[in-house]
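Every chain is numbered from 1, with letters handed out A, B, ... down the list of sequences. Just so you know, these numbers use all the heavy atoms, side chains as well, and skip hydrogens, waters and symmetry mates.
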Amino acid sequence: MQADREKVGTEDTFRLEIVVANAPESSVLQLPVAEDFEVLGRSQSTQMSYSLGPGGAGVITQVQKHTLTMRANRTGHLTIPAAAVQTASKLYKTRPVSIEVVRGRLAPDRTVRRQPPTNPFGFPGGLPPGFGGMDDDGDPLGGQPRLDDEPAVPRGDSDLFLRMSLDKSEAYVGEQVMVNIHLYSRVDLSSVDTVTAPKLDGFLSLDFKTPSQLTSEQRLIGGVPYREYLLRQRAVFPLKAGTVTIEAPEADITTGIFYAGRRVHRKGNESKLVVRPLPPGPSTTLVGRWRLSREVSQTEVALGEPVQVKFIFEGRGNLQTIPMPALGAPAAFKVFDPETNDQAKNTRTHVGGTRVIEFTLVPQQTGTFVLPALSVPYFDPEGRKYEDLRVDEITITVKPGVGGATAGPNLSATTGLDGPKNQLIAGGLKSLRHTARFSAPRAALTTRPWFLPLAVAPFAFTLLAGAFFFARGALGSESAESIKQKQARAARKRLAAAEKLLSKGSTPEFYAEVERALTSFMSARLGTPVSGLARGELVTRLTEAGIAEADRARIIAVLETCDMGRYAPGMGEAAARRRTMTEAAAAMEGWS
Amino acid sequence: MIALVLALTLAQYTPQESQALFVEGNDAYYKGDYAGAKERYEKLLQAGFGGPDVLFNLGTTHLAAGELGPAILYLERAHRLSDDDDIGANLAVARQRQVDQVVGEEGSVPFTQRLAEATDERIVGIAFLIVWWLGFALLWFTARSSSRVVLGLITALFLVVGAGLGGTLAVHEWVQDTVIEAVVMPEAAKVREYPGETAKVSFEVHAGLKLRIMETSGRYVRVRLPNALEGWTEKEGLVSL
């Protein structure tokens, strides 16, 4: 007698095999009985073999194998008592089997121990869908391994229980996760009245399979045969990263046959899903496996004739996440809003299908135009990498249509006028500068260091000059020479005043002013008053001052002219006045 | 080519290299490589080779790439340096694409601001210096002249005009210091009733909207829209013009 495991959890089942060889027909097998263990199932197989013994005699060997599916009721180091075979003459006993029982479930261990032959009775067609290994749906884009998780049998409701399973425990944002809700039963079922699917907040959910009739498949769980009913199957797409707990599903079931039925309520298990964010890469929400193609209805088209451009996305994943491709149509085309048509086509394990996005373009100008190449990135969760969907550029030639330049001679003038025209429309962005005149960023003029001194300087200079002259005038003692110069300037001003009388004033006033100017000038230059001096005395003074004889003569001549001008007739003429004025100025300048 | 690469590395360009880099940016733009075009124009700006042409091309590239915030920022900067029609046209296209529409009467722009916008600071500054110096030179001559009346009037005229130009220059300085305009860069930015994350959101502004920064408090600034709508937003989402 031996168990298939040495250590189990209280939630685990294990097998105990008792092999009896060549037992007499009358023998009785006494199976081990212990309160610490629950026997969930029992099976028996017999194997007979024939061999030649020593001396050539044939020997038939019969081996009976009894398999018990058991579960421990408590934790600790427990012992399964010995089994015994009672024959007519003797009692044969096995050794007891020790087994360590811990709380919970030793799931990793179980997966290691599980072998493909856990279907020991050769279950036809392998394991049922949803619990197998690789995808077997013949999907042209390839399959995906499923999470192989045997449902745990609840302790209280082992005959009828509800289980929810996910086909993966980790997924990327936008990756498909299949949520399966199964009912396991070892009793007769009349109907499943209601199924309450879990709320799938944080997911985009698509119904994948909802059987309309109860159909079951045989399923061995821990060696115990169950009928497995698929109640719901939904493809969900997580919308954000994090660990998500999916609530337990519930169902109301009627058991029994005909009118002997009993209605029971069952609640399944919660499930956890770790949702990982998409790895760093291009910005996209498209996840799955996709193909992209582009079709153009015609590449040579007449002006004004519509052209259909179709983008065809095909593959598996959520069709709703397919982005609107950037058509990039030249400005010569009028582009109408695209139409989108979806055709869902699910495989056995994935949702998917085809989305056709159709643009209608109407050329407004003749010429050759290019619809640019397009690249649409998507994330392939199976390859764990980003892929690019690419379509090449397409050239469309637009020719003048009916009514255009190639319009035939038979066409009426009206037709020609009404035909589509080559529209030359201004608009769009102005084109770039092809050459540049560079300039450094310009600082404000007022922030330049020289600006303020330059602005203040004239004002400051004026103030300083004014202050200087004021100080000199107020505080400084005037020299004899400066006094002379000042008086000489005053005399010149007086002569300037006489000039104003040149044409307007009376003759005596004019000549008196000229004489005063000249007298003042001489007084200033000689440093002594000369008014009232006789001519002789004046000449003496001028001679003493070192005035040249010619200059002396000129001064005397002007003074005498002034005397004459005040009294003699004919001197009031403008020409005479101007001449006297000139001579007086010349006399002053000659002295200077 | 090696010289060009070396120059790019050192970010110090000769006029020929800068022109070549500018043309490379244009080529990248016409190939649809907007990122490459932007990179080249920005290198020119960083190296001090700015001006309305580079700013116009950079703004237009951002506009073609659908980046409204930087597009309006650079086109506005170009517009401040040049009255070229193309700049105005692309700026108009960018404004048409803006999400925000400022509704209501625009607040009256103060005279000082209008004066600063209507005059060129550089021209005003140079004119001020010339007129001011001439005014004082005439004052000097007038003081030494015998016939002061006409000369005095001319001098007074020069000094009055000079003082006016000086005042205009002072207005420019004041507007530059106090009127700070900025452009919203992110797709959307929340404007709150007062600075702080807990403050109630009054409204949202979107990329490309031009607004005025009134004051700063921590990482928030008080902004005012042309229709006098005000609120506080994070300053990192704004770039001043």
Participant: Where on A:F461 is there a heavy atom nearer than 4.5 Å to chain B: the side chain, the backbone, both, or neither?
Facilitator: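 For A:F461, side-chain heavy atoms alone lie under 4.5 Å from chain B.
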Participant: Side chains of B:T168 and B:T119 only: does a donor on one sit below 3.5 Å from an acceptor on the other?
Facilitator: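 Note: B:T168 and B:T119 side chains miss the donor-acceptor criterion.
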Participant: Hey, is B:E204 close enough to B:K190 for a salt bridge, meaning N to O under 4.0 Å?
Facilitator: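 A salt bridge is present here (some side-chain N lies under 4.0 Å from a carboxylate O).
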Participant: Please identify, among B:Y29, B:F56, B:F136, B:W140, the residue contributing the most non-hydrogen atom pairs under 4.5 Å to chain A.
Facilitator: B:F136
Participant: Looking at B:V54, B:L129, B:T60, which has the largest count of heavy-atom pairs under 4.5 Å with chain A?
Facilitator: B:L129
Participant: Please determine if B:E39 and B:K43 form a salt bridge, counting it only when a charged side-chain N lies under 4.0 Å from a carboxylate O.
Facilitator: yes
Participant: Using non-hydrogen atoms only, which part of B:A170 is less than 4.5 Å away from chain A: side chain, backbone, both, or neither?
Facilitator: neither
Participant: Do any N or O atoms from the side chain of B:E121 and from the backbone of B:L169 form a donor-acceptor pair under 3.5 angstrom?
Facilitator: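 No; judged by distance alone, with no hydrogens or angles, the pair does not exist.
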Participant: Whether A:R516 and A:E509 form a salt bridge (side-chain N of Lys/Arg under 4.0 Å from carboxylate O of Asp/Glu) is what I want to check.
Facilitator: no
Participant: Does the distance from a Lys or Arg side-chain N to an Asp or Glu carboxylate O, for B:D84 and A:K430, drop under 4.0 Å?
Facilitator: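 No, B:D84 and A:K430 are not salt-bridged.
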Participant: Please work out which of the three classes, parallel, tilted or perpendicular, describes the rings of A:F333 and A:F369, given edges at 30° and 60°.
Facilitator: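 Taking A:F333 first and then A:F369, their aromatic rings stand perpendicular (interplane angle over 60°).
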Participant: Heavy-atom distances under 4.5 Å only: say whether B:Q19 touches chain A with side chain, backbone, both or neither.
Facilitator: both
Participant: Using a cut-off of under 4.5 Å for heavy-atom pairs, which of B:F128, B:W133, B:Y30 has the most such pairs with chain A?
Facilitator: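 If we count pairs closer than 4.5 Å to chain A, B:W133 comes out on top.
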Participant: Let me know if B:F49 has heavy atoms under 4.5 Å from chain A in its side chain, its backbone, both or neither.
Facilitator: both
Participant: Using non-hydrogen atoms and a 4.5 Å limit, figure out which bit of B:L81 sits close to chain A: side chain, backbone, both or neither.
Facilitator: neither
Participant: Does any backbone or side-chain atom of A:T446 lie under 4.5 Å from a heavy atom of chain B? Answer side chain, backbone, both or neither.
Facilitator: both
Participant: With a 4.5 angstrom heavy-atom cut-off, is it the side chain or the backbone of B:D27 that approaches chain A, or both, or neither?
Facilitator: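 Neither part.
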